[in-house]
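Take a look at the structure set out below.
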Amino acid sequence: MPELPEVETVRLQLLDKVVGKTISGVEVFHDKSVDYEEAVEDRLLTKTIEHIDRVGKLMIFSFVGEQDLYVLAHLKMTGQFFFVGGDEVVGGGHSMTVTDMELPGRHTRLAWYFTDSSTLYFNDMRLFGYVKLADAAAVAAARAKFGPEPIAADFDVKAFSVALRKKKALVKAVLLDQSFIAGLGNIYVDEALWRAKVRPTRRASTLTRAQAAAIAAASGDVMRESITVGGTTFRHFKDTGGQNGNFTDYLKVFGKQGIKCPRCGEIIVKIKTAGRGTHYCPGCQK
DNA sequence: AATTATGTTGCGGT
DNA sequence: AACCGCAACATAAT
C-alpha cells in the first residue's frame, strides 16, 4: 500500500484505535515480517502504546515509560494493518468492522492482542514489509535517512530547487528517492508531475526554477488532498477497517493510459522509466 | 502455461 | 559519489 498518504491514513486511524492500549499477547505467523528473535515478543508484553509517529512511509511506535524500545513498521508493497475491536458493538456508531476478511488469514504475519480484547493484525502478502523492534539509536538512524516531506509547512522550496538542479538522473527517479524527498511513490510522483506539467523523463538538472517550485507545490497538494479522503486504493491498499481509499477517483494519469488527458485532451501514455511504470500526458507535460 | 507487471527499497555493479 | 538495474516475494493478468 504504501505511499505517504496511505501510511498517514493508517497512522491516524491507529492513533485513534490503539494508543493507550496494553499488549497482552503477541503471535507471530511469519518470522520474516517481524525479524523477531526467540522470545523477543516478550519485550512487548505489558507495554502500552504511547504514540505512533511517521517519517516518510515509515511508522514508529513508542511505548509508555520506555526510552529505548520502539517498533518500526513499513508496509512496503502489500503490508496492511487491520484493527478488530473487542468492544465493538453492532450499532455502536462508528464501527470499524473488517469486512470479507478472515483474520488471521493466509497473509496474516503478526497479531498484537490487547488487554481489552481488541487485536491489531499485520497482513503482508509479498513479505517485503516489517514490524520490527528497534532501540533509540536504530530509530535515529532510520529517521536520518529521510529527506524533507513536501507536505511539511516549512518545506524549503528554494533548497529543493537548488538540489534538483544538481541531479543528473531523471526527475521521476529523483522524486522516488526517499533520501532526497520523502513520501512520494510511484502513483503520487506521476500525479504531481502531471499537475506541474513536467515530463517524468526530464533530467532533473534541466528543470527551471518555476518548474521545480511547481513540482514541490503539486507534491504537497496531491498528498494532502489524498490524506483527506483516505488515500488511494489502486490494488492492495486497505485502511485499518478494511476499507478502500477514495483518492482513486481523483487520479489524473496513473493507470489512465489510453484515455484522454482531462486537461488538454491528448492520449495519456504509459512507459517504463526508472524501472517503474510511468504515466504522463505527451500533450501538456513538458 | 509461461511471461509480465505490481503502490518499495536496498544492494551490487558501472 | 551518483546513478542504474535487479532482486527480495506472491499473485493476478495477459
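Quick note on labels: first sequence line is chain A, next is B, and so on, each numbered from 1. Just so it is clear, the structure is predicted and the values come from calculations on it, not from any experiment.
Applying the under-4.5 Å side-chain rule to Ile, Leu, Val, Met, Phe, Trp and Tyr, the cluster around A:L58 extends to A:V55, A:I60, A:Y70, A:L72, A:Y130, A:V139, A:F146.
A:D177 has its CG atom 15 Å from the P atom of C:dG5, to the nearest Å. When the C1' atom of B:dT8 is taken as reference, atom CD of A:E6 falls 13 Å away, rounded to whole Å. At whole-Å resolution of the value, NZ in A:K145 and P in B:dT9 are 12 Å apart. Between the C1' atom of C:dC3 and the NZ atom of A:K172 lies a distance of 17 Å, rounded to the nearest Å. Going from atom CG of A:L72 over to atom P of B:dT8 covers 19 Å, rounded to whole Å. Put simply, CG on A:L164 is 14 Å from P on C:dA2, counting in whole angstrom units. Distance, A:D124 CG to B:dT9 P: 13 Å, rounded to whole Å. For A:L176 and B:dG10, the CG to P distance is 13 Å, given to the nearest whole Å.
Between the side chains of A:N123 and A:K238, no donor-acceptor pair of N or O atoms lies under 3.5 Å.
Close to B:dT9, at under 4.0 Å from its OP1 or OP2, lies a side-chain N or O of A:Q178. In this structure, A:H74 does not reach the B:dT8 phosphate: none of its side-chain N or O atoms is under 4.0 Å from OP1 or OP2. In this model, the phosphate group of C:dA2 is not approached by any side-chain N or O of A:K167 to a distance below 4.0 Å at OP1 or OP2. For the pair A:R276 and B:dT8, the criterion of a side-chain N or O lying under 4.0 Å from OP1 or OP2 is met.
For residues 195-235 of chain A, every residue pair satisfying the ring-ring contact (aromatic ring centres under 6.0 Å, His included) rule, not counting sequence neighbours, is listed here: A:F234-A:F254. The ring-ring contact (aromatic ring centres under 6.0 Å, His included) pairs that include a residue from residues 199-223 of chain A number zero, where partners must be two or more places apart or lie in different chains.
Sorted by residue number, the members of residues 180-199 of chain A with any non-hydrogen atom under 4.0 Å from DNA chain B read A:G185, A:N186, A:I187.
Backbone-only engagement by A:K270 is indicated by non-hydrogen atom pairs under 4.0 Å involving sugar-phosphate atoms exclusively. If you check every strand for non-hydrogen atoms under 4.0 Å, A:G129 touches nothing.
At a threshold of 4.5 Å between side-chain heavy atoms, the hydrophobic network of Ile, Leu, Val, Met, Phe, Trp and Tyr places A:I215 and A:Y280 in two separate groups. In the hydrophobic clustering of this structure, A:L120 groups with A:L69; members are Ile, Leu, Val, Met, Phe, Trp, Tyr whose side-chain heavy atoms approach within less than 4.5 Å, directly or through other members.
With P as the reference atom, B:dG12 and C:dC9 are 16 Å apart, rounded to whole Å.
Between A:K272 and A:Y130, the one whose closest nucleotide on DNA chain B sits nearer the 5' end is A:K272.
In this structure, A:F122 and A:F81 have tilted ring planes: the angle between them lies in the 30° to 60° band.
Summarising the geometry of A:S205 relative to A:K168, their closest heavy-atom pair is OG-CA, 4.4 Å, with the distance given to 0.1 Å. Of all heavy-atom pairs between A:K260 and A:I267, the closest is CG-CD1, 3.9 Å.
No option in A:K32, A:E27, A:H30 other than A:H30 meets the side chain to side chain contact (heavy atoms under 4.5 Å, CB included) test with A:R109.
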### Task
Mind running side chain to side chain contact (heavy atoms under 4.5 Å, CB included) on A:S24 and A:W112 for me, showing each step along the way?
CA-CA 8 Å; A:S24 58; A:W112 284 356; over 6 Å; no
### Query
Which is it for A:N246 and A:T232 under the side chain to side chain contact (heavy atoms under 4.5 Å, CB included) test, yes or no, and what are the steps along the way?
CA-CA 6 Å; A:N246 295 314; A:T232 300; over 6 Å; no
### Query
Could you run down nucleotides 7-14 of chain C 5' to 3' and tag each one B, S or - for protein heavy-atom contact under 4.0 Å?
-BBBSS--
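Secondary-structure stems of DNA chain C, taken as three or more successive Watson-Crick or G-U wobble pairs (i with j, i+1 with j-1) under a 3.5 Å distance threshold, comprise B:2-6 with C:10-14, B:8-14 with C:2-8.
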